[in-house]
There are 2 protein chains.
Amino acid sequence: MSQASKKSRPTMHDVAAKAGVSQMTVSRVLRGEGYFSQDVKTRVADAAKALGYIQNRLASVQRGMENPMIGVVLPTLKNTVFIDVLAGINDTLAEVGMRPVFGVSEYSEAEEETLVRDMLSWQPCGLILSGIEHTDGLRRTVAQSGVRVAEIMDVEGDAISASFGISQQAAGAEMARHFIAQGHRRVAYIGSQGGSDLRALKRYTAFKSELEAEGGCITYERIANRASSMPLGRELTAACLSDVTDCDAIYFSNDDLAAGGLMHCLSNKVSVPHGVALAGFNDLPFLSALPQRITTTHTPRYEIGALAARYVAGADDVPAKRHMLLAELVVGDTT
Amino acid sequence: MSQASKKSRPTMHDVAAKAGVSQMTVSRVLRGEGYFSQDVKTRVADAAKALGYIQNRLASVQRGMENPMIGVVLPTLKNTVFIDVLAGINDTLAEVGMRPVFGVSEYSEAEEETLVRDMLSWQPCGLILSGIEHTDGLRRTVAQSGVRVAEIMDVEGDAISASFGISQQAAGAEMARHFIAQGHRRVAYIGSQGGSDLRALKRYTAFKSELEAEGGCITYERIANRASSMPLGRELTAACLSDVTDCDAIYFSNDDLAAGGLMHCLSNKVSVPHGVALAGFNDLPFLSALPQRITTTHTPRYEIGALAARYVAGADDVPAKRHMLLAELVVGDTT
DNA sequence: CGATAACATGTTTACGTAAACATCTGGTCT
DNA sequence: AGACCAGATGTTTACGTAAACATGTTATCG
């Protein structure tokens with residue numbers, strides 16, 4: 001072990017001693033506060049660099065400064081959507097020198113509450129939560145903590161303070177109208193996550209009621225318990241098409257599943273969309289590389305993350321309110 | 001604003017007052033240390049719950065406790081590989097009550113150094129860095145800080161203390177031997193990230209020299225500056241196949257690109273692997289949903305993250321050494 | 001039966017930083 | 001010339017927690 005292993009890291013006092021000034025002077029010089037001679041500034045900077053001084057933020061925050069740290073709770077890392085959201089969050093926070101600490105709830109509200117409590121112990125200045133349904137305990141905890149809270153993805157429901165997302169209901173209903181307009185009446189629905197993905201459920205509910213209102217019907221419904229993936233979509237589509245023979249179209253809860261469905265159709269010479277139309281959700285980038293464009297709804301995932309991050313970071317041009325971003329229908333190839 | 005917005009969160013003193021004991025008793029009871037009457041335990045627990053007390057870890061860490069926080073620096077979030085690594089890290093840390101704070105370096109060593117310095121200001125008990133090439137400043141900084149450091153993905157080079165990954169060179173060379181065995185001699189290479197992905201470069205270098213040693217040759221080489229993606233792979237493959245007509249096989253720096261290449265071939269009636277063989281890297285799950293299996297190298301990404309996390313979390317059964325995990329060749333469909 | 005150990009609690013202090021509150025110059029203004 | 005203020009620096013203190021060091025009170029043991 002080197003000599004540094006046991007010795008604690010250099011503090012402002014060490015820097016001060018080396019520079020021949022007081023600790024307070026070091027604190028001020030490093031923060032660029034107050035008036036100092038060029039000589040002192042240089043001595044402090046040199047001493048800090050020579051010792052490899054790194055600020056101890058725990059002490060600063062303890063003393064009352066804001067902690068540039070944001071707790072982020074995502075339901076899963078297995079879905080690209082949340083990765084995009086995370087990228088938006090991270091990029092935006094990085095711009096203002098903040099960092100995310102994060103946790104994965106696996107779509108469990110109880111786990112989310114535990115995670116939030118854990119994160120609050122580091123006194124972060126904000127939290128970003130997924131979805132808008134939370135336990136009462138969590139609501140009480142964050143209310144008391146006084147940190148800024150952003151809820152993302154979903155805006156339909158009772159938000160804590162600011163929510164950033166799209167209207168899941170509008171997206172589902174729009175897809176139903178598109179199906180009807182394309183002449184699809186007999187529709188199958190394929191989902192994943194065993195119904196714990198509340199946003200997919202909201203889309204589906206709105207989709208179904210709009211479809212039925214317009215004269216269509218759901219002829220098949222399958223929500224698998226596994227996590228969403230292309231292979232799962234392929235498998236479920238195979239099962240669906242062998243179970244029901246007269247289905248015009250399949251609405252998948254997301255693009256992974258839909259792309260898997262397309263792969264099944266390609267391999268089994270089922271024409272898309274004439275044999276069966278497929279629609280997903282999210283408009284993931286890899287769709288554009290598939291042999292054929294399928295219908296989907298574009299979701300502004302990165303923007304949702306970025307905007308939520310701006311809010312919790314304290315940007316004053318992002319008010320605490322319901323921010324409903326635009327989710328646009330993307331129509332697939334019809335050849 | 002509610003009355004809680006200005007008032008600071010309850011402390012151990014508040015809990016102690018409510019329970020009618022001293023702050024120290026609260027500290028001990030909550031940590032389950034020392035002996036206490038059932039009565040006191042109950043009173044403290046009730047008071048803590050009633051006030052919604054949450055521990056202030058900043059104070060604990062400041063006082064000398066270990067901070068259950070790990071700084072994680074990844075080169076990008078645009079590559080699924082790092083998401084899998086992150087999942088392994090997160091799951092493993094969560095098991096022992098630790099959380100990752102993280103940053104993205106965009107493949108820049110300078111940015112990585114900045115990020116590490118920033119993270120160290122929170123006194124984390126460990127760091128997970130990507131790759132094994134780092135600036136001297138970073139090496140000095142982490143050495144002085146005394147935190148545990150794990151380097152992931154890459155094991156070829158001079159590690160700080162513990163490295164977890166696969167042999168990029170062996171993977172590249174193995175693929176070259178596979179190409180030769182399959183009769184492919186004239187090979188194209190398609191990469192991305194403009195050469196800043198040092199691991200891809202190591203694979204390619206080993207691949208090329210092994211290929212040439214066995215009588216093959218590189219007839220085309222294109223490393224695009226953009227981030228890796230299926231659409232990019234499709235585009236580059238189209239360009240490649242229109243530029244060189246006599247190429248037997250294409251080695252892509254990863255599966256996204258290779259899958260994009262496959263999509264190009266499918267859409268343009270180029271038979272795979274007879275017209276041109278395609279090989280990627282990583283064995284991403286979505287490959288199994290494609291119409292055809294392409295050759296790739298399976299990388300234990302999740303395991304790398306999990307093992308590195310175990311190490312930095314302080315597991316004593318993970319020694320500080322070079323951990324070389326197995327990367328297995330996965331042969332694609334030959335039909 | 002005095003000593004020792006296990007129980008059950010409290011007091012003081014330190015961690016590293018920054019706000020609040022001093023000083024002490026040397027000009028500037030009236 | 002006295003007042004006043006910007007420049008340039010230092011001292012004290014508090015943030016919330018837990019280790020170190022008390023101080024009792026009961027059992028327990030030889």
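Each chain gets a letter, A, B and so on, in the order the sequences are listed, and its residues count up from 1.
For the segment residues 53-62 of chain A, residues with any heavy atom less than 4.0 angstrom from an atom of DNA chain D are, sorted by number, A:Gln62.
With A:Arg43 contributing its side chain and A:Ala19 its backbone, the two residues share a donor-acceptor pair below 3.5 Å. Looking at A:Arg9, its side chain does come within 3.5 Å of a backbone N or O of B:Ser145 through a donor-acceptor pair. For A:Gln62 (side chain) and B:Leu58 (main-chain N/O), no donor-acceptor pair under 3.5 Å exists by modelled atom type. A donor-acceptor pair under 3.5 Å links the side-chain atoms of B:Glu156 to the main chain of B:Gln168, judged by distance alone. In this structure a side-chain-to-backbone donor-acceptor pair under 3.5 Å is present from B:Asp14 to B:Thr11.
First and last contacting nucleotides of DNA chain D toward chain B (any atom under 4.0 angstrom from a heavy atom, 5' to 3' order): D:dG16 to D:dC21.
When each of A:Gln23 and A:Arg43 is assigned the nucleotide of DNA chain D bearing its nearest heavy atom, the one mapping closer to the 5' terminus is A:Arg43. Nearest-nucleotide mapping onto DNA chain C: of A:Arg63 and B:Val40, the residue sitting toward the 5' end is B:Val40.
Remark: B:Lys321 NZ to B:Ser163 OG distance equals 9.0 Å, nearest 0.5 Å.
Among the protein residues, A:Met12 comes within range of the sugar-phosphate backbone only, with heavy atoms under 4.0 Å from sugar or phosphate atoms but none that close to a base.
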Checklist entry - Should B:Thr25 and B:Ser22 be marked as a side-chain hydrogen bond (donor to acceptor under 3.5 Å, both in side chains) after you check the CA-CA gap, both sets of side-chain angles, and the distance that decides it? => result CA-CA 5 Å; B:Thr25 298; B:Ser22 70; 3.1 Å; yes
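In terms of the salt bridge (Lys or Arg N to Asp or Glu O under 4.0 Å) criterion, residue partners of A:Asp154 (sequence neighbours excluded) are, by chain and number, A:Lys202.
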